[in-house]
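Excluded from the calculations below are hydrogen atoms, water molecules and symmetry mates; all remaining heavy atoms, backbone and side chain alike, are included. We're numbering straight along the sequence, starting at 1.
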Amino acid sequence: MPTSFYPLLSHPLGGVVIGLAVAAISVILLVYSRHVRAEQPTGQAGLAGVLVGAFAVFVLIAAAMSMIEIRRLAEAHPPPGTLVDVGGYRMHILAEGDAGSGPTVIWIPGGHAQGLALYHLHAAIRHETRSILFDRPGTGWSDPGPFPRRTATEAVELATLLENAGEEGPFVLAGHSYGGLLAANFARRHPERTAAVVLLDASPPDAFIYAPAYGAAALDGLVRDAEQQGLDKIFGGWTNPELAMAEAEGEIGEVLRKQRALLADVGEAMAANARRPAASFATASIFQEFSADFVSAAAPDLVVYDGELGDLPVLVVIPDEDASGIIEPLGMEEAAARRAVNFFERVRVRYLEVSSDTRLIHTPPGTGHNYPYETPEFVLEVVRQLLAELGGESEAGDAECPA
């Protein structure tokens, strides 16, 4: 699908506009058939016009019903935080708690998920410090924003959001998986506003660009799936695939069931937000930054090079597991499997080189990539210990400053 369609398809009226365009084609065909009827007595153009017109009616009805449903869900689940203008479009931020003299924690979920995906961690710590969830443009309650979506763009948007919302920081950015990539990008651009970075099995660009198993080619499938889901949402044919996945046996089903239990308080709001087409097209767009057509141009703004975070505290928190568990289900031949296992075990510690103060922390035994849902108390304890350390430094610094 041409990416130039994304802005239109992300808009609530996108389906109606498509229906009107199809209707216009029907009218053109019918008008044309009247002029050529004498030369074409079979009336093929007229028949085509009628069929296209009938299809246009179907599209308009489906789009209108979907739009009404999306609006109903939006009214039933208003934003719990604040919508802040970041340059002609709004982003949603939920900031709660008092940081005192310490830093504020920003939680960034994996994928291109809405902020509520880490609500259980936010809710657990907001009474101890200031804690922030936010929705990237297109997700949650945020407006779609401009396209294309890029991690570098979203790092700038996050900085603007925090400034316009009056959040002064400094910030501890805790990012899971793909969210860790955004956390590292923010820290590179704004070291003066960053107290530390907690990378929860974060995804370095290497994992997508060079992976022998899951490389950029695999992301093309994710892009197509997101586009299809976006179209299904526009015309009312979408069913959340996570519902069926949560009922399945195996690790994915188990993790999703734990996630649903942890996020039960906000589950309905998350489901309502997921119904928006903008969420799907924003996801499709962000994953395209690793495609062959874009990666060469995007990489310099996307990659956080070795040493670029100076002496900023960076916690690299990864599962203590053999990567063979990731590779074996793929059925790769032996030599290729060995290369893939080696790659994934080494890419997991890639971020250890971005700062002179990086620390490797392993999660409890038996946990995997989605450990923020498998063992949330462990994640909270890691962050609490870091806050205590940073708070001690802050108090020492305050004591040295003249009154």
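The side-chain heavy atoms of L182 and R136, taken from C-beta on, include a pair separated by under 4.5 Å. Using a 4.5 Å heavy-atom cutoff, the side chains of M67 and V16 are in contact. Contact annotation: the side chain of F134 approaches that of M91 to within less than 4.5 Å [non-hydrogen atoms, C-beta and beyond]. Using a 4.5 Å heavy-atom cutoff, the side chains of P148 and T3 are not in contact. Looking only at side-chain heavy atoms (C-beta outward), T129 and T104 stay at 4.5 Å or farther from each other. Within the 4.5 Å cutoff, no side-chain heavy atoms of P137 are placed close to those of T153. Proximity of V197 to F186: side-chain heavy atoms (C-beta onward) are nowhere separated by under 4.5 Å. When side chains are defined from C-beta on, W107 counts as touching I125, because their heavy atoms get closer than 4.5 Å.
Here E227 contributes atom CD and M1 contributes atom CE; the two are 4.5 Å apart, rounded to the nearest 0.5 Å. For the atom pair L161 CG and N164 CG, the distance stands at 7.5 Å (nearest 0.5 Å). Once rounded to the nearest 0.5 Å, the distance linking OG of S177 with CG of D201 reads 7.0 Å. Between the CZ atom of R359 and the CG atom of L352 there is a distance of 12.0 Å, given to the nearest 0.5 Å. In this structure, CG in L231 is found 7.0 Å from CD1 in I18, a value given to the nearest 0.5 Å. Separation of atoms CD1 (I318) and OH (Y351) is listed at 13.0 Å; rounding is to 0.5 Å.
In summary, R339 and E334 do not engage in a salt bridge, as defined by a charged side-chain N under 4.0 Å from a carboxylate O. Looking at R260 and E268, no side-chain N of the basic residue comes within less than 4.0 Å of a carboxylate O on the acidic one, giving no salt bridge. The pair D206-R350 meets the salt-bridge criterion, with a side-chain N (NZ, NE, NH1 or NH2) lying under 4.0 Å from an Asp/Glu carboxylate O. For the pair E69 and R72, the salt-bridge criterion is met [side-chain N within less than 4.0 Å of a carboxylate O]. Between R150 and D301 there is no salt bridge, since none of the side-chain N atoms of the basic residue sits less than 4.0 Å from a carboxylate O of the acidic one. Using a 4.0 Å cut-off between charged nitrogen and carboxylate oxygen, R149 and E289 do not count as a salt-bridge pair. Ion pairing between R130 and D98 fails under the 4.0 Å rule for side-chain N and carboxylate O. Using a 4.0 Å cut-off between a side-chain N of Lys or Arg and a carboxylate O of Asp or Glu, R71 and E75 do not qualify as a salt bridge.
Side-chain polar atoms of Q385 and E381 form a donor-acceptor pair below 3.5 angstrom. Side-chain atoms of E321 and Y371 include no donor-acceptor pair closer than 3.5 Å. Judged purely by distance below 3.5 Å, without hydrogens or angles, the side chains of S280 and K233 pair a donor atom with an acceptor atom. For the 3.5 Å distance criterion, the side chains of H122 and S131 qualify, holding a donor opposite an acceptor. D232 and Q228 share a side-chain donor-acceptor pair at under 3.5 Å. Inspection of the E353 and Y305 side chains reveals no N or O donor paired with an N or O acceptor under 3.5 Å. There is a side-chain donor-acceptor pair under 3.5 Å between Q114 and N273.
A ring-centre distance under 6.0 Å is not found for F147 and F5. Taking the six-membered ring for Trp, H112 and F287 have ring centres at least 6.0 Å apart.
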Derivation and outcome, side-chain contact (heavy atoms from CB on, under 4.5 Å), residues L386 and V382: CA-CA 6 Å; L386 176 62; V382 168; 5.7 Å; no
Intermediate values then yes/no, salt bridge (charged side-chain N to carboxylate O under 4.0 Å, His left out), R90 and D85: CA-CA 4 Å; R90 303 169 304 166; D85 185 274; over 6 Å; no
Ring pair (Phe, Tyr, Trp, His ring centres under 6.0 Å) between F171 and H190, worked out: CA-CA 10 Å; F171 304 104; H190 301 283; 9.6 Å; no
Trace of the side-chain contact (heavy atoms from CB on, under 4.5 Å) decision for F281 with I234: CA-CA 11 Å; F281 290 108; I234 290 173; 4.1 Å; yes
Pair Y178-F208, ring pair (Phe, Tyr, Trp, His ring centres under 6.0 Å): steps then yes or no: CA-CA 11 Å; Y178 200 75; F208 303 106; 5.8 Å; yes
Candidate pair L312 and D357, rule side-chain contact (heavy atoms from CB on, under 4.5 Å), full reasoning: CA-CA 6 Å; L312 192 70; D357 186 11; over 6 Å; no
side-chain contact (heavy atoms from CB on, under 4.5 Å) between L133 and I93, intermediate numbers included: CA-CA 6 Å; L133 297 176; I93 182 171; over 6 Å; no
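Heavy-atom neighbours of E249 CD from other residues, nucleotides or ligands within 6.0 Å: at or below the threshold of 12.
Here the closest non-hydrogen pair linking L199 and A183 is CD2-CB, 4.5 Å. Scanning both residues, P300 and R188, for their nearest heavy atoms gives O-NH2, 4.5 Å. Here the closest heavy-atom approach between residue V354 and residue V304 is recorded as CG1-O, 3.8 Å. Across all non-hydrogen atoms, the minimal contact from G138 to A282 is CA-CB, 4.2 Å. What you find for A269 and L116 is that their closest heavy atoms are CB-CD1, 4.2 Å. Here the closest non-hydrogen pair linking I70 and P277 is CD1-CD, 3.5 Å.
Between the side chain of W141 and the backbone N or O of H77 there is at least one donor-acceptor pair closer than 3.5 Å. With S355 contributing its side chain and G310 its backbone, the two residues share a donor-acceptor pair below 3.5 Å. Checking side-chain atoms of R189 against main-chain N and O of V156 turns up no donor-acceptor pair under 3.5 Å. With hydrogens and angles disregarded, no donor-acceptor distance shorter than 3.5 Å links the side chain of E154 to the backbone of E157. At least one donor-acceptor pair under 3.5 Å links the side chain of S142 to the backbone N or O of D135. A donor-acceptor pair under 3.5 Å is formed between the side chain of T283 and the backbone N or O of A279. Judged by distance alone, the side chain of T194 and the main-chain N or O of V172 form no donor-acceptor pair under 3.5 Å. A donor-acceptor pair is defined here as one N or O able to donate and one able to accept, closer than 3.5 Å; such a pair exists between the side chain of N185 and the backbone of L302. H11 places a side-chain N or O within donor-acceptor distance of the main-chain N or O of L13, the cut-off being under 3.5 Å. Here the side chain of S291 pairs a donor or acceptor atom with the backbone of Q288 at under 3.5 angstrom.
Because its NZ or CZ atom is not both nearer than 6.0 Å to the ring centre of F343 and within 45° of the ring axis, R338 does not count as a cation-pi partner of that residue.
For R193, there are no salt bridge (Lys or Arg N to Asp or Glu O under 4.0 Å) partners at least two apart in sequence or on another chain.
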